[in-house]
Amino acid sequence: MPGIKVDKGLVPLPGSNNESWCQGLDGLASRCAEYYKQGARFAKWRTVVSIPCGPSALAVKEAAWGLARYAAIAQDNGLVPIVEPEILLDGDHGIEGALEVAEKVWSEVFFYLAENNVLFEGILLKPSMVTPGAEHKEKASPEAIAKYTLTMLRRRVPPAVPGIMFLSGGQSEVEATLNLNAMNQSLNPWHVSFSYARALQNSVLKTWQGRPENVEAAQKALLVRAKANSLAQLGRYTGEGESDDAKKGMFQKGYTY
């Protein structure tokens with residue numbers, strides 16, 4: 001099914017700790033109605049929260065309120081909203097600090113979703129995994145990341161929500177897949193799956209390099225990544241036979257798209 005990104009990007013948030021907010025609510029209803037006519041059936045809206053910036057209460061509230069208004073408008077026009085407050089990997093914080101911020105962000109998100117009468121059964125979530133900051137001196141195991149991430153979700157996300165599609169957020173292809181796999185070693189009230197960009201495309205783009213003669217090899221590389229993550233959302237991925245490129249991190253400080 002086709003969908004579309006409906007926000008208009010991040011801009012500086014006045015009065016905050018050098019943080020940002022996501023613009024695009026003006027005219028969103030008419031845009032969503034037109035997208036539905038053109039065949040779209042879901043929408044995406046990306047806002048971000050930065051742990052090194054605090055995050056400020058203002059930035060968290062702005063992110064949560066913007067997501068809730070977007071979700072209500074999208075549903076009103078027949079689109080399934082993907083709710084995505086991305087907590088950036090930037091920083092040297094530990095996994096406990098990441099959990100604390102994630103719980104705060106998601107409590108506000110669901111408070112404002114309820115305030116805006118958003119139907120929980122009609123949304124999908126696209127959260128970050130709960131991980132240490134990219135500059136933290138100790139890496140966390142897939143089991144630890146699964147434990148902390150599922151703890152946060154069980155405390156904050158109602159079981160009425162049908163699916164949680166994690167973003168990769170700069171993790172390596174293998175890390176993102178191993179972490180997803182670890183989360184599916186237990187029963188969850190939601191379908192726990194993936195909505196990766198960089199962690200699906202990185203090795204594919206390196207293989208392709210824009211050259212026609214590499215298309216077939218790039219297609220094979222994409223199938224490898226798709227198969228790996230398909231197995232991970234069933235809890236059946238082992239990580240065997242992965243290339244060195246697939247194990248390289250893709251973190252970019254202050255990443256935007």
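When a residue number appears, it is its place in the shown sequence, counting from 1. All heavy atoms count here, side chains included; hydrogens, waters and symmetry mates do not. Computed from a prediction, not measured in an experiment: that's the story for all the values here.
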**Student:** In the single-linkage hydrophobic clustering (I, L, V, M, F, W, Y; side-chain heavy atoms under 4.5 Å), do L67 and L25 co-cluster?
**Tutor:** yes

**Student:** To the nearest 0.5 Å, what is the distance between NE2 (H93) and CG (D90)?
**Tutor:** 8.5 Å

**Student:** Membership question, hydrophobic clusters at under 4.5 Å side-chain separation (ILVMFWY): are V161 and L167 in the same one?
**Tutor:** no

**Student:** Check whether more than 12 heavy atoms from other residues, nucleotides or ligands sit under 6.0 Å from atom CG of N17, and answer yes or no.
**Tutor:** yes

**Student:** Is it the case that one hydrophobic cluster holds both I145 and V101, taking links as side-chain heavy atoms less than 4.5 Å apart, direct or via other members?
**Tutor:** yes

**Student:** Verify side chain to side chain contact (heavy atoms under 4.5 Å, CB included) between Y237 and V174, making sure each step is shown before the conclusion.
**Tutor:** CA-CA 10 Å; Y237 172 73; V174 170; 4.0 Å; yes

**Student:** Show your working on side chain to side chain contact (heavy atoms under 4.5 Å, CB included) between E173 and N229 and close with a plain yes or no.
**Tutor:** CA-CA 9 Å; E173 292 172 324; N229 287 292; over 6 Å; no

**Student:** What is the minimum heavy-atom distance between V192 and Q233, and which atoms define it?
**Tutor:** O-CB, 3.6 Å

**Student:** More than 12 heavy atoms of other residues, nucleotides or ligands under 6.0 Å from CD of E216: yes or no?
**Tutor:** no

**Student:** Using modelled atom types and a 3.5 Å cut-off, is there a donor and acceptor pairing between side-chain atoms of Y196 and backbone atoms of A176?
**Tutor:** yes

**Student:** Under 3.5 Å, side chain of E108 to main-chain N/O of V60, donor-acceptor pair present?
**Tutor:** no

**Student:** CD of Q185: more than 12 outside heavy atoms within 6.0 angstrom?
**Tutor:** yes

**Student:** Could you tell me the separation between the CD atom of E34 and the CD1 atom of I4, rounded to the nearest 0.5 Å?
**Tutor:** 10.0 Å

**Student:** Would you say that more than 12 heavy atoms from the other residues, nucleotides or ligands in this model lie under 6.0 Å from the OH of Y36, or not?
**Tutor:** no

**Student:** Just checking, any donor-acceptor pair under 3.5 angstrom between side chains of R236 and N184?
**Tutor:** no

**Student:** Distance only, no hydrogens: is a donor on one side chain within 3.5 Å (strictly under) of an acceptor on the other, for S56 and E19?
**Tutor:** yes

**Student:** Suppose clustering is done on Ile, Leu, Val, Met, Phe, Trp and Tyr with side-chain heavy atoms closer than 4.5 Å. Which residues sit in the same group as L205?
**Tutor:** W208, V215

**Student:** Any idea how Y112 and W65 line up, ring-wise: parallel (<30°), tilted (30 to 60°), or perpendicular (>60°)?
**Tutor:** perpendicular

**Student:** Roughly how far apart are N202 CG and T207 OG1, rounded to 0.5 Å?
**Tutor:** 9.0 Å

